[in-house]
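Below, read A as the first sequence line, B as the second, and so on, with proteins coming before strands; counting in each chain starts at 1.
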Amino acid sequence: MTDAAVAGTRRGGAELGVVRRERWALLRRSPAFLIGLGLVGLWVAGAVLGSWAAPKDPQALDPIHKHQHPSLAHWFGTDVLGRDVFSRVIVGSRSILLIAVGATVIGTILGTMLGLVSGYFKGIVDEVIMRLVDALLAMPVIVVALLAIAALDHPSNVVVTLIIGFVFTPIIARTVRASVLGEAELDYVAAAKLRTERAPHILFVELLPNILPPVIVEFTVRLGYAIFAVATLSFLGVGASPDSPDWGSQVATHYSFINQGIWWSSLFPAAAIATLAVGVNLLADGLVEAFER
Amino acid sequence: MTRNERPATDSPAASGPAAPIPALRFDGLHVAYKVRGIDRRVLSDVSLSIAPGEAYGLVGESGCGKSTAAFAAMRYLPRNGSITAGRVMFEGANVGAMSNAAMRELRKNAISMVYQNPIGALNPTMRIGAQVAEVFRIEGFDRAESLSRSEQALGAVQIADPGQVMRRYPHQLSGGMAQRVVIAMAVATNPRLLILDEPTTGLDATVEAEVLDVVRALRTTMGTAVLFISHNLGVIRSMCDRVGVLYAGHIVEEGETGRILSDPRHPYTVGLLRCIPRAGRGKDAVRLDTIPGTLPPLGADATGCVYAPRCGLVRDRCQRERPPIVESAGRHLTRCFFPEEAPALPRTPGDEFAANVSIPPITDDRPAALVTLVGVGKTFGHDDLAVRVLRDINLHLRAGETLGLVGESGSGKTTLAKLLLGLVAPDAGSRIALDGRQLGAVLGDRSAADVGAVQIVFQNPDSALNRRHTVRHIVSRAVVKLGGKSKGEAIVRAEILLAEMRVDARLHAAKPAQLSGGLKQRVAIARAFAGSPRLVVCDEPTSALDVSVQAAILNLLVDLQRSEHVSYLFISHDLGVVRYLSDRIAVMYLGRIMELGPADAVFSGPNHPYTEALVSSLPSVDGEPTRRVRLVGEVPSVTDPPSGCVLHTRCPRRAGSGVESLCDTVEPDLVEVEPGHLLRCHLSLERLREMQATVAAVSV
Amino acid sequence: MKRFLLRRVLLAFLTLWLLTGVVFFASHALPGNVAQKVLGPFADPEGVKQLNHELGTDRPIPQQYVTWIAKTVRLDFGRSLNYDRPVTEKLRPALGYSARLALFAFVLVVPISIAGGIIAAMKRGRFLDRFITVAGLSAAVVPEFVWGVLLVLVFGVKLHWLPVPGLAPPGSSVFSQYKHLLMPALCLVFVLFGYIARITRAGVIEAIDADYTRTAALKGLTSGQVVVRHVLRNALVPTIAVVATQLGYLLGGLIAVEYLFNYPGLGQLLLNAVKKRDFPLLQAAVLVSGTVYVVATFAADLLYMVLNPRLRQGATS
């Protein structure tokens with residue numbers, strides 16, 4: 001080890017708690033992380049409070065006042081049916097967050113299981129799982145999701161969540177497997193075998209805690225892509241219920257009015273998507289920075 | 001702060017009437033690394049001076065700042081490192097004040113460096129030839145001239161077929177070959193200063209000896225000044241004129257090498273030397289001394305002597321004032337107030353667990369073998385890709401006995417250990433028995449009692465301990481599974497075990513990352529002893545540790561053996577450690593046992609030519625002349641072992657033996673040549689005795 | 001190396017075969033009745049039966065698969081239900097349009113992002129590095145259509161610098177055609193930039209920190225020489241391989257971009273096939289995009305092998 005590396009690690013020898021505290025201090029001082037926290041917090045609040053926080057009824061039609069410019073009465077203007085864009089943007093955060101978080105949780109749990117099994121047992125189990133993973137990865141996420149949606153006919157939100165979760169599974173499985181392959185070579189795994197531990201114990205008690213940091217990082221990164229995917233599917237008009245105040249479908253519905261100078265009804269939902277995705281990404285980036293020191 | 005207590009003119013090399021300008025000089029050098037925004041000092045007030053043509057050794061344990069000194073000299077500190085005070089002078093010029101262009105000129109043809117991990121030091125995407133030639137290209141030679149000079153340069157480091165090596169990529173070279181290439185590049189332009197930073201660490205002892213021979217030869221032909229950095233006092237003794245001992249960034253002692261190592265005047269040097277196992281003093285004759293305490297954390301600024309917290313001779317004054325560096329006996333400098341007392345440093349008290357339990361020495365009338373291996377082999381792959389890594393291993397181990405297992409890397413030592421443990425299944429027909437009962441081939445076929453009976457202490461405790469579990473959990477879980485105890489009982493037992501291993505109760509709730517290397521290894525040993533093992537495989541258990549920590553671990557292993565009557569299979573590349581600990585020794589080469597016998601007989605000979613070469617490659621701290629028998633060439637690949645005796649391609653005793661053709665065609669059997677001593681060689685014991693009596697044997 | 005190559009080719013075919021399985025079963029084996037899906041819930045039962053017979057979807061699934069795959073390998077994808085034309089006839093021009101857009105985006109993004117990654121690595125830890133890394137990765141998680149909306153608003157509607165439709169009117173000059181393509185391509189560039197730049201940055205940093213770079217610097221080479229001859233040489237090998245696999249991603253991105261800019265490529269075709277439950281067309285479009293991905297990753301592996309001596313020649317010491 002070089003002296004510099006020793007300089008970096010030696011103190012860890014005596015005071016691990018200090019390192020953990022320094023990690024949080026690092027996060028607290030990182031402007032990127034704080035901005036991310038703020039953006040995500042804002043949208044989570046919007047999703048939790050829902051129509052309670054919205055100044056107007058997001059579904060109330062008012063065709064006489066359609067396509068109104070942003071004003072004090074309608075902060076983000078009104079849409080093609082005279083609905084309050086600001087209220088719809090606030091309410092729209094719920095479905096995208098629910099689907100994205102749900103899908104990422106499902107994908108992370110399944111992917112972690114699959115990756116653990118594949119990486120630990122190796123051999124034929126690994127070959128079979130990995131070839132299937134390769135085949136699924138040969139199609140872009142959106143394409144797989146579209147294929148499943150076509151097959152399932154007007155899927156509900158729950159089904160869309162499941163589809164995206166399944167699509168993410170192989171991606172996460174591959175990351176987890178790579179970590180497990182390295183981890184399983186370490187002697188503590190041999191030591192566990194040498195005290196007659198069985199495979200489930202080794203997988204979940206010995207290996208899992210050690211691959212958790214990359215799994216957490218992968219979760220946050222994946223969450224960003226889940227938002228990406230959910231928004232894109234609803235923009236393409238194949239996601240859940242086309243009439244709900246979904247950011248993606250709001251953009252799709254009002255995009256054609258941009259040419260007439262009516263920009264607010266598509267810009268604000270688009271900006272909502274961007275801020276949420278970027279917020280999650282900044283959070284993920286902060287965690288990566290803090291964990292990799 | 002008192003800097004420069006010692007003007008450079010006091011330096012021995014410069015004290016002659018017409019003192020030449022030193023090749024390298026440090027004037028009160030302070031270096032710090034910025035870690036998490038805080039400067040942590042790594043080198044404090046380091047002054048040294050190396051005369052032209054002189055070899056200066058810098059020795060110390062990990063983290064003492066050795067490598068930092070080297071990179072400071074090259075002006076190549078890591079991104080977060082900086083010189084905070086003092087100067088580095090090359091031939092009288094301040095390196096820190098030079099322009100980048102001037103520095104490049106120096107690196108081009110005046111200063112060169114060689115470091116650890118030679119394969120990493122070569123660009124993986126470039127052929128060797130192009131990399132060596134680059135040195136000449138930047139000197140302004142054309143392509144053809146550069147290539148032909150490269151070939152000569154490689155020839156100068158005794159590479160047999162330079163043309164062929166030049167066409168290869170780094171990953172196609174062995175570590176020893178790669179290090180020679182790096183050395184060839186370093187000395188190609190005839191530098192006036194060569195810095196070697198642990199150049200042989202990680203290489204096999206035989207390869208190390210060859211590389212050191214190359215450096216020594218180059219030094220005599222070129223007269224280069226050398227800064228040689230190593231943790232290995234034996235290597236330093238064999239290579240250097242003068243030595244500086246570095247402790248926590250301070251030079252605590254400096255002087256002529258032989259004098260420092262035979263008559264040290266600083267308590268740290270005295271302690272360090274006592275930690276090292278010496279020839280002729282095994283575990284039954286002497287207990288190793290240890291150094292209590294640990295290195296102070298980086299950047300901790302003590303008011304007094306930096307070594308005071310660990311010193312056995314500490315007085316009030318040492319805590320209050322920082323000792324200046326003073327001349328003690330002749331040209332021998334010590335940073336200690338009481339240098340004349342250092343040789344009388346008291347031995348470490350405590351740590352005497354079970355030391356007084358004496359057991360009768362191992363004799364041949366002792367009970368039957370604990371573990372027996374008959375016809376054990378291991379083949380990886382199959383058909384035309386089959387590789388036989390172990391072949392017809394026959395061995396036994398008695399209760400309470402230590403069998404040392406030595407051999408170069410790739411000889412099959414670790415595979416043998418894995419077979420014993422049941423981590424890998426041996427070939428069909430192999431028989432491994434415990435107390436005369438055949439053991440299952442793999443762990444799944446063994447009873448919990450059998451699994452607990454054969455345990456291991458791994459080389460690297462960082463890898464061996466799950467970093468997410470607490471010390472208490474790691475040990476108690478092993479007690480639950482192997483000792484068949486309830487969780488509550490297991491925790492009680494684990495705490496007793498850990499206490500026996502001298503792991504403080506405060507640390508039982510800690511995770512491995514919070515422990516020092518030595519403590520981690522103690523936890524690993526506690527785990528291995530959780531199920532009352534009969535045999536513990538020790539796979540290089542101290543090679544990741546500093547000598548002072550190693551000594552404590554070796555003492556612990558000896559104590560445990562005496563109290564628990566356990567057997568050890570002790571694998572190590574460090575022959576000194578093996579000799580200290582082992583009752584018997586098995587020497588392996590290319591998956592075969594070449595020699596097996598009592599430790600004394602194997603070491604002092606007459607022994608197998610391979611063993612002879614291994615032993616003579618061991619650099620000694622005591623500086624006794626070692627016989628100079630060298631193995632030539634590279635270890636053949638296990639995939640394609642040589643015909644006849646597998647050693648014949650490298651054997652130092654084959655030439656002139658009169659049985660060369662036999663060696664080349666017929667593989668000798670492992671034969672008992674005297675009671676308990678087995679050799680796999682066509683030459684008789686008498687013949688070997690005769691050949692080995694002549695000290696000046698074939699030197700290659 | 002031959003062994004490796006052979007194994008790699010076999011794996012590529014295996015992946016393709018598994019892909020056909022996934023595609024086939026997604027459109028046939030999942031619950032529901034194909035013809036019913038096509039004709040809608042209120043269709044005449046006789047018509048449903050009739051269509052199922054025409055499609056062959058009333059036969060046992062394994063038999064259907066064999067028939068289908070036998071046709072597929074001959075590039076016979078059947079007739080599109082929606083357009084009532086052979087699928088290949090619709091596929092070929094769409095593929096051409098998409099290839100042009102994707103390659104244009106690629107040509108733009110690769111040099112920019114590799115340069116960005118190198119600069120970030122060289123300025124490691126400084127502001128420029130953080131900016132390139134954070135901004136790049138943030139841009140990558142914003143969906144293409146959001147970028148599209150922003151670009152159209154700024155450059156199309158407000159500034160009138162660029163035309164909004166992705167496809168230039170017939171008879172336009174080449175320059176004009178690419179002017180129309182610029183905004184759709186930029187959407188893809190924004191999403192790809194951060195990823196490629198990050199991989200490049202990681203590769204360059206690893207090479208900078210490697211011992212061989214130290215060797216090169218201590219030989220007395222100038223920092224320029226060290227970077228060009230030792231750092232980049234090693235850093236760009238993995239980067240190039242990763243970049244090639246991104247071709248596969250582009251196909252996913254094309255769907256939203258083509259829809260937004262009304263560009264008649266493979267993505268639009270695929271989307272329409274989903275909306276109209278045009279299964280023959282959908283299968284073909286998905287298979288084609290999968291094949292492009294498999295070929296791209298195969299090419300990437302091949303390139304990696306050619307550039308990496310460790311794989312090119314086995315260890316022979």
Between [X] and chain C, with a heavy-atom cut-off of 4.5 Å, which part of the residue counts as in contact: side chain, backbone, both or neither?
X: A:Glu127; value: side chain
X: A:Tyr255; value: side chain
X: A:Leu282; value: side chain

Segment of [X] engaging chain A (4.5 angstrom heavy-atom cut-off):
X: C:Val292; value: neither
X: C:Leu150; value: side chain
X: C:Leu282; value: side chain
X: C:Leu137; value: both
X: C:Val134; value: both

Hey, what do you get for CG (C:Leu254) to OG (C:Ser289), rounding to the nearest 0.5 Å?
10.0 Å
Give me the atom names and distance for the closest heavy-atom approach of C:Thr133 to C:Ala120.
OG1-CB, 4.5 Å
Of the options C:Phe279, C:Trp68, C:Trp17, which is the one that meets C:Phe24 in a ring pair (Phe, Tyr, Trp, His ring centres under 6.0 Å)?
C:Trp68
Can we say A:Asp285 and C:Arg198 salt-bridge, meaning some charged N sits less than 4.0 Å from an Asp/Glu carboxylate O?
no
Lys/Arg N to Asp/Glu carboxylate O, C:Arg126 vs C:Asp129, below 4.0 Å
no
Under a 4.5 Å cutoff for heavy-atom pairs, which residue among C:Leu153, C:Leu14, C:Val22, C:Thr297 has the most contacts with chain A?
C:Leu153
Out of C:Leu16, C:Val142, C:Leu260, which one racks up the most heavy-atom pairs below 4.5 Å with chain A?
C:Leu260
Return the option, out of A:Ile273, A:Ile142, A:Val221, with the maximum number of heavy-atom pairs under 4.5 Å with chain C.
A:Ile273
Options A:Ala231, A:Gly224, A:Ala229, ranked by heavy-atom pairs under 4.5 Å with chain C, top entry
A:Ala231
I'd like to know if the side chain of A:Thr108 and the backbone of A:Thr104 have a donor-acceptor N/O pair within less than 3.5 Å.
yes
Side chains of A:Pro170 and A:Leu132 in contact at under 4.5 Å (non-hydrogen atoms):
no
How are the rings of C:Tyr65 and C:Phe25 set relative to one another: parallel (under 30°), tilted (30 to 60°) or perpendicular (over 60°)?
parallel
